[in-house]
Colleague: 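I am attaching a structure below and will ask some questions about it afterwards.
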Amino acid sequence: MADKDGLKVAKDYHIDEDFGNQKAFHVKGCNNLDWGMKKHLSNIFDPKSGNTVMFAFDHGYFMGSTAGLERLDLVVPKLFPAVDVLMGTRGAIRSCIPPNCGKSIALRVSSGSSMLNDDLSHEVIAVDMEDSIRMNADCVAVQTFIGADGQLSSIDNLSRTINAANRYSVPVLGVVAVGKDMERTDRFFKLATRIIAEMGASIIKTYYCDNFEEVVAACPVPIVVAGGKKLPEEEALTLAYRSIQGGAKGLDMGRNIFQSEHSLEMAFAIRKIVHEGFTDKEALEFYKDSIGGR
Ligand code: 5RP
């Protein structure tokens, strides 16, 4: 293993150069994968826009019922027209989502924390590959805590899931966890996204940051951006716009949709940015018009 002495800081990201191995398949870094993987990835990333709108409602796996998700059975189906992918736990999906929803599934498979403990970085793999396949998951999501106390175990969770998923051509979504002590800097996100991609994840979920283009350029597979805590709609739309402009291939928003007063209209506004090239200003106008200027 290369030692840490004399490490030179990476700086040449060639952000204006397209990805070298894109070839015919529309998902970055996945051209060499087999048919089954490509089918799952095509269910997630629209072949026309190349992007995705994921709706995240897996918060309950460690937060219990959170504001806006008190009734999964009522909240989630309402959003079906505006989103491409449902990101949830097997319990939420099996109990509250009709199987004829026609949506792609990103299945949360790591677990082990709760809001009652300080250190959330020690998780296990709670859902095995057999049940993920039963759920017809288009990808399985594993939280990865780079730099935290649970780093080794979370990378072990990620790697073992990728090993099992590869046997059945199921993509893995590596989720960059930002623990309480972690810095939301491009330096951290470049490290975390690259480690997860090098472990073999096909999709990375992370957060927007300064120099985001460099984070994207250094990551050989597609990045989707988590929304994070609830923002005013205008700011959330700007976050979505900057993420897409910076090279993200989609958004995986939860609170900025389900905690919005007009969650369906907000999801449609995000969709305009992700799939129709709207700017944040145009999407905000669309949102305001769709709620009658209220
Ligand atoms: C919760 C998650 C969520 O999927 C992710 O954070 C996106 O949700 P939000 O936009 O509310 O942050 O990983 O543990």
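Everything quoted here is computed from the prediction, not taken from an experiment. Just so you know, ligand 1 is whichever comes first in the structure, and atom 1 is the first atom listed for that ligand.
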Colleague: Mind checking whether Lys103 and Phe55 have side chains closer than 4.5 Å, heavy atoms only?
Modeller: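 Side chain of Lys103 against side chain of Phe55, heavy atoms only: no contact under 4.5 Å found.
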Colleague: Quick check on ligand 1: any N or O pairs to the protein under 3.5 Å? One line per pair.
Modeller:
{"residue": "ligand 1", "atom": "4 (O)", "partner": "Asp58", "partner atom": "OD1", "Å": "2.7"}
{"residue": "ligand 1", "atom": "4 (O)", "partner": "Asp58", "partner atom": "OD2", "Å": "3.4"}
{"residue": "ligand 1", "atom": "4 (O)", "partner": "Lys205", "partner atom": "NZ", "Å": "2.6"}
{"residue": "ligand 1", "atom": "8 (O)", "partner": "His59", "partner atom": "NE2", "Å": "3.2"}
{"residue": "ligand 1", "atom": "10 (O)", "partner": "Gly227", "partner atom": "N", "Å": "3.1"}
{"residue": "ligand 1", "atom": "10 (O)", "partner": "Gly228", "partner atom": "N", "Å": "3.2"}
{"residue": "ligand 1", "atom": "10 (O)", "partner": "Gly254", "partner atom": "N", "Å": "2.8"}
{"residue": "ligand 1", "atom": "11 (O)", "partner": "His59", "partner atom": "NE2", "Å": "2.8"}
{"residue": "ligand 1", "atom": "11 (O)", "partner": "Arg255", "partner atom": "N", "Å": "2.9"}
{"residue": "ligand 1", "atom": "11 (O)", "partner": "Arg255", "partner atom": "NE", "Å": "2.7"}
{"residue": "ligand 1", "atom": "12 (O)", "partner": "Gly228", "partner atom": "N", "Å": "3.0"}
{"residue": "ligand 1", "atom": "12 (O)", "partner": "Arg255", "partner atom": "NH2", "Å": "2.7"}
{"residue": "ligand 1", "atom": "13 (O)", "partner": "Arg108", "partner atom": "NH2", "Å": "3.0"}
{"residue": "ligand 1", "atom": "13 (O)", "partner": "Lys205", "partner atom": "NZ", "Å": "3.4"}

Colleague: Using the ring-ring contact (aromatic ring centres under 6.0 Å, His included) rule, collect all pairs that involve residues 70-124, keeping only residues at least two apart or in two chains.
Modeller: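 For residues 70-124, and leaving out neighbouring residues, there are no ring-ring contact (aromatic ring centres under 6.0 Å, His included) pairs at all.
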Colleague: Identify every side-chain donor-acceptor pair in residues 207-229 under 3.5 Å, counting partners at least two apart or on other chains, and give the distances.
Modeller:
{"residue": "Asn211", "atom": "ND2", "partner": "Asp186", "partner atom": "OD2", "Å": "3.2"}
{"residue": "Glu214", "atom": "OE1", "partner": "Lys190", "partner atom": "NZ", "Å": "2.6"}

Colleague: For residues Asn157 and Ser110, is any side-chain donor paired with an opposing acceptor at under 3.5 Å?
Modeller: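 Short answer, no.
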Colleague: Let me have the donor-acceptor pairs involving side chains of residues 60-68, under 3.5 Å, with sequence neighbours excluded, atom names and distances please.
Modeller:
{"residue": "Tyr61", "atom": "OH", "partner": "Arg108", "partner atom": "NH1", "Å": "3.4"}
{"residue": "Tyr61", "atom": "OH", "partner": "Glu123", "partner atom": "OE2", "Å": "2.6"}

Colleague: Can you confirm whether Leu251 sits close enough to Ile244 that some side-chain heavy atom of one is under 4.5 Å from a side-chain heavy atom of the other?
Modeller: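 The answer is yes, as the side chains (C-beta and beyond) meet within the 4.5 Å cut-off.
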